[in-house]
Q: 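Dumping the structure here so I can ask a few things about it.
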Amino acid sequence: MAEAAVKTQPETTAAERELTDGFHLVIDALKLNGIQTIYGVPGIPITDLGRMAQAAGIRVISFRHEQNAGNAAAIAGFLTKKPGICLTVSAPGFLNGLTALANATTNCFPMILISGSSEREVVDLQQGDYEEMDQLAIAKPLCKAAFRVLHAADIGIGVARAIRAAVSGRPGGVYLDLPAKLLSQVMDAEAGAKSLVKVIDPAPAQLPAPAAVKRALDVLKNARRPLIILGKGAAYAQADDQIRALIEKTGVPFLPMSMAKGLLPDTHPQCAGAARSTVLKDSDVVMLIGARLNWLLSHGKGKTWGDPHSKKFIQIDIEPKEMDSNVAIVAPVVGDIGSCVSALLDGIDGKWPAPPADWVGTVKTKKEENIAKMAPRLMNNSVPMDFHSALGALRAIVKERPDAILVNEGANTLDLARGIIDMYQPRKRLDVGTWGVMGIGMGFAVGAAIETGKPVLAVEGDSAFGFSGMEIETVCRYNLPVCTVVFNNNGIYRGTNVNPAGGSDPAPTVFVKDGRYDKMIEAFGGVGVNVTTPDELSRAVNKAMDSGKPTLINAMIDPAAGTESGRIGNLNPQSVVRKK
Ligand code: ADP
Ligand code: TPW
Ligand code: MG
């Protein structure tokens, strides 16, 4: 019977039919959807997937730890509006990548973590496979969506769903689980090719309701002390021209959140960055564009915000559930920022009253006062350097090199750099984001350099750098134009703490005194420089950025200069019944 069946097939098909397998289908599905780069760490069962992806023309960037590969993928998503792809091995590799996936989701960055995994039969019976773990179940609560593919014929659909889930609506992290056997599953090549899906319009425009637009304009128009806050959602949206037009047409002062700095230059006459406290406290109408009223904005209430009865919020966001999350939003505008801001501009149509002159004047005066107060600290040339004098030098460099990308993490190193270094172009400042997480540094630096081809300046606290420091080898291996400056103050917040018990162990916040991080990069053929003055720092950074060579500068900072938790010491609980 079987023989008869075979004989009825056309002669060539059984033996010569072209075949494909899971490996090829995953790669073909990614390529079909314009994915050009994979960030990851190789190993069972995805070693060949990385190799074959490279052979197929995808750029495969191999890291030393999955969290850094994941962070690179996440920032690729933020910079390009396409999902960044991170590829990991089962269980421990997957878990290492998961922190980055959760962080991407928290920050609304589109990313897909693709991980190899064990077979369902073994996992579900808990039979103890090599690196066994029920990864899908673990990923689910930590990301926006999670999918598993069991049949090669479903790979096209699985990849398509992952892409659409990552970039549509509020962007976020997606997990895609690929059990080992799927990768070597064989199927007919023609049927395989037909099973692939090119995602059409993966992040469709979401138009705001005309009534919501009108309501928002009415509230804004009647404001006496209006303010616009730009968040990283506004930077992500790439609606730079419309946002600028809205701000300039209305004349409203604007405040950029950290990663929205540069959307309009920090030196723009309407920028209220240097008058932050004043504008938050005294404004009467606040329009949020792609910014959440979370802890970074004191939840929209309390002392920071002044009198709650004279405060009205307008919020533009793609996520309807964001409205009223912390305080009432009198004018919610739900839609994508490009469409929303365009609709607002259409509604303004030329005739718009300038905000009251006394408000604009108050903001301007406050800003000038604060800038003048800061100026001498930025020019101080004494040794040891403090944060201000070192950052003063970097501020001048970024002004001359506005297209460089600034990566920034730490406590004092972060908070002070955010205030001191002006940004001039959109999406040039990448930092610790919504969680204030340490460890994004080298992953973001590699991702940004690969995706944009622009020079990267990573300004890192010495503790912050330690979380991803081994990737300095990755920077050297791919010869990336990344200049890392480690602000070495001998520890976390400051290097002067002592062990309260008086023992020989150092205090928990203190590191090796006067360590030489610059030596690390020399081990891999990069350029290491040790600097102690702002002038030396300037020279070293300029040289690094002119040459494009991987460079690590150890910048010695006064260990007594920092404050506990940088600018957020108020969030740090302290014991009131401390015995010593
Ligand atoms: P920040 O930390 O800079 O204040 P958040 O991360 O808190 O910014 O807020 C970003 C917001 O932007 C999120 O609520 C997200 O839903 C929203 N968002 C992201 N992309 C878009 C977009 N294209 N259109 C509208 N809203 C967006
Ligand atoms: C994943 C807690 C916040 S800031 C910081 C830590 C450990 C380091 C500050 O020291 P650094 O900066 O970088 O030397 P500076 O200039 O003040 O000396 N683990 C994670 N995330 C966070 N945020 C922490 C711990 C933390
Ligand atoms: Mg430090």
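Every number for a ligand or one of its atoms is a count from 1 in the order of the listing.
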Q: Indicate whether any N or O donor in one side chain lies under 3.5 Å from an N or O acceptor in the other, for K232 and S258.
A: no
Q: Could you check whether N408 and R429, counting side-chain N and O atoms only, form a donor-acceptor pair closer than 3.5 Å?
A: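 On atom types as modelled, these side chains qualify, holding a pair under 3.5 Å.
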Q: Taking only heavy atoms of M257, which atoms of ligand 1 are found under 4.0 Å from at least one of them?
A: 3 (O), 4 (O)
Q: Looking just at side-chain N and O atoms, do N530 and N554 make a donor-acceptor pair shorter than 3.5 Å?
A: yes
Q: Looking only at distance, does F387 have an N or O less than 3.5 Å from an N or O of ligand 2?
A: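 It does not: no N or O of F387 is found under 3.5 Å from an N or O of ligand 2.
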Q: Show which atoms of ligand 2 fall inside a sub-4.0 Å distance from at least one heavy-atom site of G410.
A: 12 (O), 13 (O)
Q: Quick test of your reading of the structure: of D462, N103, N489, T99, whose heavy atom lies closest to atom 14 (O) of ligand 2?
A: D462
Q: Any chance you could measure F313, atom CZ, to D324, atom CG, to the nearest 0.5 Å?
A: 11.5 Å
Q: If we only consider heavy atoms of C108, is any one of them less than 4.0 Å away from an atom in ligand 1?
A: yes
Q: Measuring to the Mg ion (ligand 3), does N489 have an N/O/S atom at a distance below 2.8 Å?
A: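 Yes - counting backbone and side chain alike, N489 has an N, O or S atom under 2.8 Å.
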Q: Just checking, is any N or O donor in the side chain of N412 or T563 under 3.5 Å from an acceptor N or O on the other one?
A: yes
Q: Less than 4.0 angstrom from a charged side-chain N to a carboxylate O is my criterion; do D282 and R225 meet it?
A: no
Q: May I ask you to check whether G495 brings an N, O or S atom to under 2.8 Å from the Mg ion (ligand 3)?
A: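 No - counting backbone and side chain alike, G495 has no N, O or S atom under 2.8 Å.
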Q: Which of these, I337, N107, N294, has its nearest heavy atom closest to atom 22 (C) of ligand 1?
A: I337
Q: From the options M438, E409, Q67, E564, select the one whose nearest heavy atom is closest to atom 5 (C) of ligand 2.
A: M438
Q: Quick one: which ligand 1 atoms are inside 4.0 Å of a heavy atom on G231?
A: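 Reading through ligand 1 atom by atom, the close ones are 3 (O).
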Q: Test your reading of the structure: does F467 have an N or O sitting under 3.5 Å from an N or O of ligand 2?
A: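 The answer is no, given that F467 and ligand 2 share no N or O pair closer than 3.5 Å.
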Q: Is there a polar contact between ligand 2 and A411, counting only N or O atoms under 3.5 Å apart?
A: yes
Q: So F487 and F387, would you call those rings parallel, tilted or perpendicular, with 30° and 60° as cut-offs?
A: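 Judged by the thresholds at 30° and 60°, the geometry between F487 and F387 is tilted.
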Q: Heavy atoms only: which of S339, S325, G233, G433 is nearest to atom 18 (N) of ligand 1?
A: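 The residue whose heavy atom sits nearest atom 18 (N) of ligand 1 is G233.
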Q: By number and element, which atoms of ligand 1 are closer than 4.0 Å to a non-hydrogen atom of T434?
A: 6 (O)
Q: May I ask you to list the atoms of ligand 1 that are less than 4.0 angstrom from any heavy atom of G290?
A: 8 (O), 9 (O), 10 (C), 11 (C), 12 (O)
Q: Using a strict cut-off of 4.0 Å, indicate which atoms of ligand 1 neighbour a heavy atom of G335.
A: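 Counting from 1, the qualifying ligand atoms are 24 (N), 25 (C).
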Q: State whether the shortest distance between N or O atoms of N412 and N or O atoms of ligand 2 falls below 3.5 angstrom.
A: yes
